[in-house]
Amino acid sequence: MTNKVHEKLLLTGAAGGLGKALRERLKANCSMLRLSDIQAFGEAADAEEIILADLSDAAAVDAMVEGVDAIVHLGGMSVDGPFGPILQANILGLYNLYEAARKRGVKRVVFASSNHVTGFYRQDQTITADHPARPDGLYGLSKAFGEDLSRFYFDRYGIETACVRIGSSFAEPKDRRMLATWLSFDDLHRLITACLTTPVLGHSIIFGMSDNAVTWWDNSRARHIGYVPQDSSDIFRDAIYARTKAPDLKDPVAQYQGGAFVMAGPFGW
């Protein structure tokens with residue numbers, strides 16, 4: 001079955017690490033891929049459009065959304081830091097995106113949430129999407145807001161959203177924590193494809209992880225999406241153990257699922 005169920009798909013945050021990984025992959029999902037970021041990042045290739053936009057600029061975001069069928073939203077601040085930039089990009093920016101989607105009639109969004117929404121659960125716990133948010137910083141707090149905002153726009157306006165709580169998406173896991181949180185680039189694309197193509201998405205919270213033996217997250221609430229990961233961190237386990245020290249279990253970084261994020265800050269404005 002073809003994945004090209006959308007004529008024109010918008011990818012925000014296209015200049016970031018995950019945006020670069022998805023740029024070619026997402027062309028299988030649409031006839032035209034519109035790419036956006038805040039700063040110039042090169043020329044459009046075949047079957048691509050580029051529209052630069054600051055997420056905090058409502059008019060620019062409205063123009064960015066015009067004419068698209070669905071949105072994969074990776075844009076915004078992706079690390080913890082001072083509240084000012086996070087407020088502008090992740091809170092005001094997401095409001096602008098959903099307002100534009102409402103006005104333009106876009107009915108499906110894949111929103112890059114984060115495992116840091118639940119970073120203050122312990123690593124010896126397994127949680128589901130029904131567990132209350134426990135953000136581990138201002139970044140995680142902004143993503144928790146995004147999940148609530150997207151739920152409001154589903155309940156009020158019928159805009160379906162997959163809130164994908166991305167774990168650690170890199171070419172390969174870098175440390176022992178990532179043995180539990182790793183999401184391969186190919187599995188990330190499989191997950192986004194499932195979100196874009198499932199007949200009924202609703203408002204769904206999905207943990208973005210590969211088929212890792214060690215995991216803190218139960219994805220059973222997302223079976224209606226049809227996501228089947230095909231990669232696993234397990235093949236990297238021996239090499240990671242060989243090059244890293246055993247964690248100090250008294251260290252909050254080793255106690256909590258958010259890792260180093262639980263110790264970041266405080267940050268000024």
Side-chain angles (χ1 to χ4, degrees), residues 13 16-26 72-74 78-80 110-129 131 134-137 139-140 143 147 162-195 204-223 225-249 251-264:
L18 295 187
K20 291 176 181 176
L22 288 170
R23 183 170 179 172
E24 287 301 318
R25 289 173 170 89
L26 282 176
V72 178
H73 182 54
L74 304 182
S78 61
V79 294
D80 217 350
V110 180
F111 164 54
S113 187
S114 172
N115 71 95
H116 295 291
V117 169
T118 52
F120 264 118
Y121 285 96
R122 295 177 59 89
Q123 293 188 13
D124 57 6
Q125 293 177 280
T126 303
I127 63 172
T128 73
H131 280 72
R134 293 183 65 177
D136 55 28
Y139 167 71
K143 293 297 186 178
E147 292 186 1
C163 299
V164 179
R165 290 179 177 171
I166 296 173
S168 308
S169 195
F170 297 94
E172 60 182 63
K174 298 180 178 182
D175 54 33
R176 297 190 186 199
R177 176 180 176 271
M178 289 190 190
L179 292 172
T181 63
W182 187 60
L183 173 65
S184 73
F185 293 147
D186 284 341
D187 276 345
L188 173 61
H189 180 234
R190 291 182 186 107
L191 176 49
I192 290 173
T193 297
C195 294
S204 301
I205 295 173
I206 305 157
F207 293 102
M209 59 182 180
S210 287
D211 187 22
N212 310 322
V214 175
T215 179
W216 309 318
W217 309 321
D218 176 354
N219 241 348
S220 60
R221 299 293 192 199
R223 286 179 180 160
I225 304 302
Y227 167 55
V228 181
Q230 297 182 24
D231 297 323
S232 173
S233 66
D234 301 353
I235 62 172
F236 302 99
R237 182 184 180 92
D238 290 346
I240 288 175
Y241 268 64
R243 69 171 185 260
T244 59
K245 296 189 299 183
D248 176 2
L249 297 183
D251 184 352
V253 172
Q255 292 176 350
Y256 294 104
Q257 295 183 12
F261 275 57
V262 304
M263 297 295 287

Can a side-chain donor-acceptor contact be found between Thr118 and Arg134 if the only test is distance below 3.5 angstrom?
no

Distance-only polar pair, side chains of Ser220 and Asp218, donor-acceptor under 3.5 Å
yes

Taking C-beta and beyond as the side chain, do Leu183 and Ser168 meet within less than 4.5 Å on heavy atoms?
no

Determine whether Ile225 and Cys195 make a side-chain contact, defined as any pair of heavy atoms from C-beta on separated by less than 4.5 Å.
yes

Go through Ser169 and Leu18 one step at a time and tell me if the side-chain contact (heavy atoms from CB on, under 4.5 Å) criterion holds.
CA-CA 8 Å; Ser169 195; Leu18 295 187; 3.6 Å; yes

Distance-only, no hydrogens or angles: does the Arg237 side chain make a donor-acceptor pair with backbone N or O of Ser233 under 3.5 Å?
no

Closest non-hydrogen atoms of His131 and Thr126, given as atom of the first, atom of the second and distance, are CE1-O, 4.2 Å

Plane angle bin for Trp182 and Phe236 - parallel if under 30°, tilted between 30 and 60°, otherwise perpendicular
perpendicular

Is the shortest heavy-atom distance from the side chain of Phe207 to the side chain of Thr215 under 4.5 Å?
no

Show the numbers, then the answer: is there a side-chain contact (heavy atoms from CB on, under 4.5 Å) between Met263 and Val253?
CA-CA 7 Å; Met263 297 295 287; Val253 172; 3.8 Å; yes

Side chains of Gln255 and Leu249 in contact at under 4.5 Å (non-hydrogen atoms)
no

Does the pair Val262 and Tyr256 meet the rule for a side-chain contact (heavy atoms from CB on, under 4.5 Å), with working shown?
CA-CA 7 Å; Val262 304; Tyr256 294 104; 3.8 Å; yes

Approximate separation, where rounding is to 0.5 Å, of Ser184 OG and Glu172 CD:
12.0 Å

Within 45° of the ring axis of Tyr139 and under 6.0 Å from its six-membered ring centre, is that where the NZ or CZ of Lys143 lies?
no

Provide the closest heavy-atom pair for Val117 versus Ser113 in the form atom of the first, atom of the second, distance.
CG2-OG, 3.5 Å

Under the criterion side-chain contact (heavy atoms from CB on, under 4.5 Å), I'd like the reasoning laid out for Leu26 against Ile192: C-alpha separation, chi angles, the key distance, then a yes or no.
CA-CA 9 Å; Leu26 282 176; Ile192 290 173; 4.0 Å; yes

Would you name the heavy atoms of Ser232 and Ala213 that are closest together and state the gap between them?
OG-N, 4.5 Å

Using side-chain heavy atoms (C-beta onward) and a distance below 4.5 Å, is Ile205 in contact with Glu147?
yes

Take atom CZ in Arg223; do more than 12 heavy atoms of anything else shown fall under 6.0 Å from it?
no

Can you name the nearest heavy-atom pair linking Arg176 to Pro247, along with the distance?
NH1-CD, 3.8 Å

Tell me, do Gln257 and Asn115 make a side-chain contact under 4.5 Å, heavy atoms counted?
no

How far apart are the closest heavy atoms of Pro229 and Asp211, and which atoms are they?
CB-N, 3.7 Å

Identify the two heavy atoms, one from Leu179 and one from Asn212, that lie closest to each other, and give their separation to 0.1 Å.
O-CB, 3.4 Å

Working to the nearest 0.5 Å, report the span between CZ of Arg165 and CG of Asn219.
10.0 Å

Please state whether the rings of Phe261 and His116 are parallel, tilted or perpendicular, taking 30° and 60° as the class boundaries.
parallel

For a 4.5 angstrom cut-off between non-hydrogen side-chain atoms, does Trp216 reach Asp124?
no

Side-chain contact, heavy-atom cut-off 4.5 Å: Leu22 with Leu74?
yes

In sequence, state the C-alpha distance, the side-chain angles, and the governing distance for Asp187 and Arg190, and then conclude on salt bridge (charged side-chain N to carboxylate O under 4.0 Å, His left out).
CA-CA 5 Å; Asp187 276 345; Arg190 291 182 186 107; 2.6 Å; yes

Quick check on Arg221: does its CZ atom have over 12 non-hydrogen neighbours (other residues, nucleotides or ligands) under 6.0 Å away?
no

Measure up the Phe111 and His73 rings against each other and bin them: parallel (under 30°), tilted (30 to 60°), perpendicular (over 60°).
parallel

Ignoring hydrogens and angles, state whether a donor on the side chain of Thr244 or Asp175 is under 3.5 Å from an acceptor on the partner side chain.
no

